[in-house]
Asker: 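There's a structure below that I have some questions on.
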2 protein chains.
Amino acid sequence: MSDILGRGVPSSIEGYGRAKPFAGALQVVGPISRAATVVRCASPGVPKTLPSVRAALDACELRDGATISFHHHLRNGDRVLNLVLSEIAAKGLKDITVAASALFPVHAPLVDHIQREVVSGLAASTIYGPLADAVSRGQLAKPVLMSTHGGRARCIESGALHIDVAFVAAPTADEYGNLNGVNGRAACGPLGYAAPDVQYADRVVAITDNLVPYPATPIEISQDCVDFIVAVDSIGDPEQIVSGTTRLTSDPLGLQIAEMAARIIEASGLLNEGFSFQTGAGGVSLAAATYLRDIMIRRKVQGSFASGGITGGIVQMFDVGLFRALLDVQAFDLEAVASYRRSPAHHGMSASMYANPHNRGCVVNQLDAVILGAAEIDVAFNVNVTTGNGGMILGGSGGHADTAAGSKLTLITTQLTAGRVPKIVDRVKTLTTPGESVDAVVTEAGVAVNPRRTDLLDRLKCANVPLVSIECLRDAAARKAGPPNAVAVEDNRIVAVVEYRDGTVIDVVRAVPKVSTAKTWREDESPDRG
Amino acid sequence: MSDILGRGVPSSIEGYGRAKPFAGALQVVGPISRAATVVRCASPGVPKTLPSVRAALDACELRDGATISFHHHLRNGDRVLNLVLSEIAAKGLKDITVAASALFPVHAPLVDHIQREVVSGLAASTIYGPLADAVSRGQLAKPVLMSTHGGRARCIESGALHIDVAFVAAPTADEYGNLNGVNGRAACGPLGYAAPDVQYADRVVAITDNLVPYPATPIEISQDCVDFIVAVDSIGDPEQIVSGTTRLTSDPLGLQIAEMAARIIEASGLLNEGFSFQTGAGGVSLAAATYLRDIMIRRKVQGSFASGGITGGIVQMFDVGLFRALLDVQAFDLEAVASYRRSPAHHGMSASMYANPHNRGCVVNQLDAVILGAAEIDVAFNVNVTTGNGGMILGGSGGHADTAAGSKLTLITTQLTAGRVPKIVDRVKTLTTPGESVDAVVTEAGVAVNPRRTDLLDRLKCANVPLVSIECLRDAAARKAGPPNAVAVEDNRIVAVVEYRDGTVIDVVRAVPKVSTAKTWREDESPDRG
């Protein structure tokens, strides 16, 4: 099989193994197998609480070379991963693979664990901060496995990513392992990204700072999936768990793009009774949702659901009846947490239900429209949300490639440039989301529709949308950015393998020179991933 | 390994295979494996609704020799099993195994399907009605697999019971397969017994008479587990789904036994803050719950949870704050359905979470006290809820053996005789629940405590409970019943294999002479199983 996007993905990658090349966004596969699992059975009367993380490591018989997993609902406020890793280091273990659903600046101590060979492998859907810089500079011997949110669930279920011990940061837990993210100081909302882990890991340890009398309800992760419970002082910093009140952009160009995105959705023919929608937490997306809200009210349309990553902006639309339900894999802010707590139709979902292409039908398949961001987009409509300027890792797919593949209409909103860097280019540095699943790029200089979507093109022509070719946008971006810095294209070592949601390899990330300067991660500057 | 209870279980049983003998109620096992599963993946835009059951059988490529599964939340009102089987018969398929969580009188058409060789195998936790009679008389070539409720989940998860197609009777469904039992004409409450089936079956078909716009919320079974959805006129007769308003016994002996059971719980030392409780839907159990309610109010005790099979009586205790939560695998009446709909702390649970011994800790492990019934109990405290007078199958364990094993205090309530049949005997005809997990037998002629429970004996002595030996109860029962009918003990063919919850074989049921008269099943006469 060939590398159809011409990304130069080798057929075999050291530290990863055989790379199955990307073969199209919607490959129909035959029956797929999910891995057999192993469970240690609990006898009546045997307690499951342990006095410390160290005791849990001992009880799980964690050994050199093991794979441990974490979920990222506490985002940049998470204290659990660092706590567990420091105990692992203190125990003298080596060669651990950390498989997290996402890694944040707060997880910078992993850089040290990598240098000391405590950690030798990483897997994550997105990586931000000093750890991303360290990986980009080649400090990890093996390449990082970068999945989509749905792909991570698939990878775990298939057995390709086998987890020895899953650690669950539980805002509330009881002594027999019923867990929820609804209550507690570190309440974070749904625990959807931990769902595959607790189903497939050999051992599951819940770590909580809110141990309540049995049974803890509501039950999001149930006792039959949890081996041990450890109470600690704090699992996370509530101030950092979510972004706080998310803000609409006030930038005039951003508002113009947002308004255009909403107009395209209106013109697409999809904005009918039962409309479904997803967007992220970025300023443009939030503004687009506001414009969309006004259109829905004007047209008297009630949507079926919004999904994601739910923000306060989406909650407000739900609360006034513009959506009948919210399907939520992780809360992006405290308004979303509060809504999840109070509204029965604000429903949690597992990562697999959300976005796994290898199940009986995930939620992204039901989406009408999604608005996403981009670090770069190229003339083939391929999107990069994995690497930034100079090739440094600044994120990863998250739900980007998943929602783009599932949604009937995928809009990428972006300005032509970011500072002196053009965002519409000939060829993306890293390919995260294939152009075949992107329908239009919305910029301040016009809207480029993917030529595959002649139907959409016809509709937008009638709706007075300023249509341009993607090549025109590229040229305009280049003019605005000015002459590019020469970037040395070297055949450096592969530091990350970008898996498409179905487990094929869509691209690789190569090491950057060690002299590049790191940029501090800010969530509101990160491209929207859904 | 030997047959420690001396039940004469052969080491190999035709049509079943090797029989692993029962080795004790609380065998500690090493790591156990759960089966790998197979999933067909859904592509975006491909609908999952089909016009008929026949179309679903075709889409699933159901073949001769397949195993199909059903759950019993619609109880004696279920129309789905008969509908599916009549389509299977019309299609000309043969040699089908029907693996249901329970089978009721309404499923009598299975007798005809057995005679016509459409159906050649059965598995169920309980079997009532004409089908039970037919099985008892040897009309099925292979023995029925009779599990406990928790054992059935274990059996499916382990792969020992592989399901080709699971059929889910869904009181509410959307077109992409989100299901609940909360809403709809046939609302039945939690769908807990279907949970293992949809996780492990090769194919899952939801059959509904209430197809609602996407997404159907609350979501009890999610779209990622469901292949196809078929809308039909009616999945069940709401009048028959549940027993209607359950009634306390008015029989003076029954009330006396119920009051004594409540007094024993009070005297046991378990009735403290956080107390947990389960009982069934029988008249004595309901009365016992009422006495217990009064004691809890008097002692100002708030319980943690009640579990089961939830009835209106338990809901009333929950509603006045005597329990903080209800953990519910199936609603026994419409009051329970209504409570499940309105109360967030009335929580659904899967059969595995409820009672599977081979997971990381099931709910029965957390029980303080359970009150159960019996068809027979013997001097070793072994209980039979599988066969009745003459050896005819009249039920099966359901949750009986599960709750008895998990609960700190297991009380069996029974009168000495039923008509002219003694209920305390030398040796039960069929062993469902081993004596080691039974703590006391409560009758109108006194309370017999299992001699293993010297602690309980001491407490009850101080509480002025009329203690007698189990042998005294046996003798009193025999006197009251009068001379027994001679029962021919023949070494007939095995018609059912009684699996203990861990998958060992605790007993077998042998064919009865074809001349025995069948008795119509009445739910309120059936021994309480929890």
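Keep in mind it's a predicted model, so treat the numbers as computed, not measured. Side chains included, hydrogens not; waters and symmetry mates left out as well; all remaining heavy atoms used. Proteins get letters first, then strands, A, B, ... in listed order; numbering begins at 1 in each.
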Asker: Looking at side-chain heavy atoms only, is the closest gap between B:Ser304 and A:Pro215 below 4.5 Å?
Answerer: yes

Asker: Does the side chain of A:Thr37 reach to within under 4.5 Å of the side chain of B:Arg34, using non-hydrogen atoms?
Answerer: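 SC-SC contact between A:Thr37 and B:Arg34 confirmed.
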
Asker: Heavy-atom pairs under 4.5 Å with chain A - which of B:Asn356, B:Val204, B:Thr217, B:Asp227 has more of them than the others?
Answerer: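 Result: the option with the highest number of such pairs is B:Asp227.
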
Asker: Which of the residues A:Ser352, A:Pro344, A:Cys225 is involved in the greatest number of heavy-atom pairs with chain B at under 4.5 angstrom?
Answerer: A:Cys225

Asker: Is the number of heavy atoms from other residues, nucleotides or ligands under 6.0 Å of A:Glu175 CD greater than 12?
Answerer: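 It does not: A:Glu175 CD has 12 such atoms or fewer within range.
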
Asker: Please examine the side chains of B:Asn359 and A:Cys41, heavy atoms only from C-beta on, and report whether any two atoms are closer than 4.5 Å.
Answerer: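 Answer no - side chains too far apart.
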
Asker: side-chain hydrogen bond (donor to acceptor under 3.5 Å, both in side chains) with B:Asp202: which residues, sequence neighbours excluded?
Answerer: B:His162

Asker: Examine whether an atom of A:Val38 lies under 4.5 Å from a heavy atom of chain B, and if so say whether it belongs to the side chain, the backbone or both; otherwise answer neither.
Answerer: both

Asker: Please rank B:Leu327, B:Leu26, B:Val29 by heavy-atom pairs under 4.5 Å with chain A and give me the top one.
Answerer: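 That would be B:Leu327.
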
Asker: What part of A:Val198 gets closer than 4.5 Å to chain B, counting heavy atoms only: side chain, backbone, both or neither?
Answerer: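 When you check distances to chain B, only backbone atoms of A:Val198 fall under 4.5 Å.
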
Asker: Are B:Val28 and A:Ser43 side-chain neighbours, meaning at least one heavy-atom pair lies under 4.5 Å?
Answerer: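 Contact flag for B:Val28/A:Ser43 side chains = yes.
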
Asker: Go through it in stages, so that I can follow the logic: the residues are A:Ile219 and B:Met353, the test is side-chain contact (heavy atoms from CB on, under 4.5 Å), and I'd like the CA-CA distance, side-chain angles, deciding distance and then a yes or no.
Answerer: CA-CA 11 Å; A:Ile219 299 169; B:Met353 179 179 171; 3.6 Å; yes

Asker: Quick one: which of A:Met349, A:Glu157, A:Arg40, A:Gln27 has the most heavy-atom pairs under 4.5 Å with chain B, could you say?
Answerer: A:Arg40

Asker: Under 4.5 Å between any side-chain heavy atoms of A:Arg324 and B:Val212, yes or no?
Answerer: no

Asker: For A:Pro218, is it the side chain, the backbone, both, or neither that has a heavy atom closer than 4.5 Å to a heavy atom of chain B?
Answerer: both

Asker: So for B:Arg203, is it side chain, backbone, both, or neither that comes closer than 4.5 Å to the heavy atoms of chain A?
Answerer: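 Looking at B:Arg203, just its backbone touches chain A.
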
Asker: Please examine the side chains of A:His347 and B:Asn178, heavy atoms only from C-beta on, and report whether any two atoms are closer than 4.5 Å.
Answerer: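 Not touching, per the 4.5 Å side-chain cut-off.
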
Asker: With a 4.5 Å limit on heavy-atom distance, are the side chains of A:Val39 and B:Pro31 in contact?
Answerer: no

Asker: I need the residue from B:Ser33, B:Gly361, B:Ala345 with the largest number of non-hydrogen atom pairs under 4.5 Å to chain A.
Answerer: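 Of the candidates given, the most pairs with chain A belong to B:Gly361.
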
Asker: Any salt bridge between B:Arg360 and A:Asp224, counting N to O under 4.0 Å?
Answerer: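 Between A:Asp224 and B:Arg360 there is no salt bridge, as every charged N stays at least 4.0 Å from the carboxylate O atoms.
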
Asker: List, one per line, each side-chain donor-acceptor pair under 3.5 Å for residues 362-370 of chain B, sequence neighbours excluded.
Answerer:
from	atom 1	to	atom 2	distance (Å)
B:Asn365	ND2	A:Tyr176	OH	3.0
B:Asp368	OD1	B:Lys408	NZ	3.0
B:Asp368	OD2	B:Ser276	N	3.0

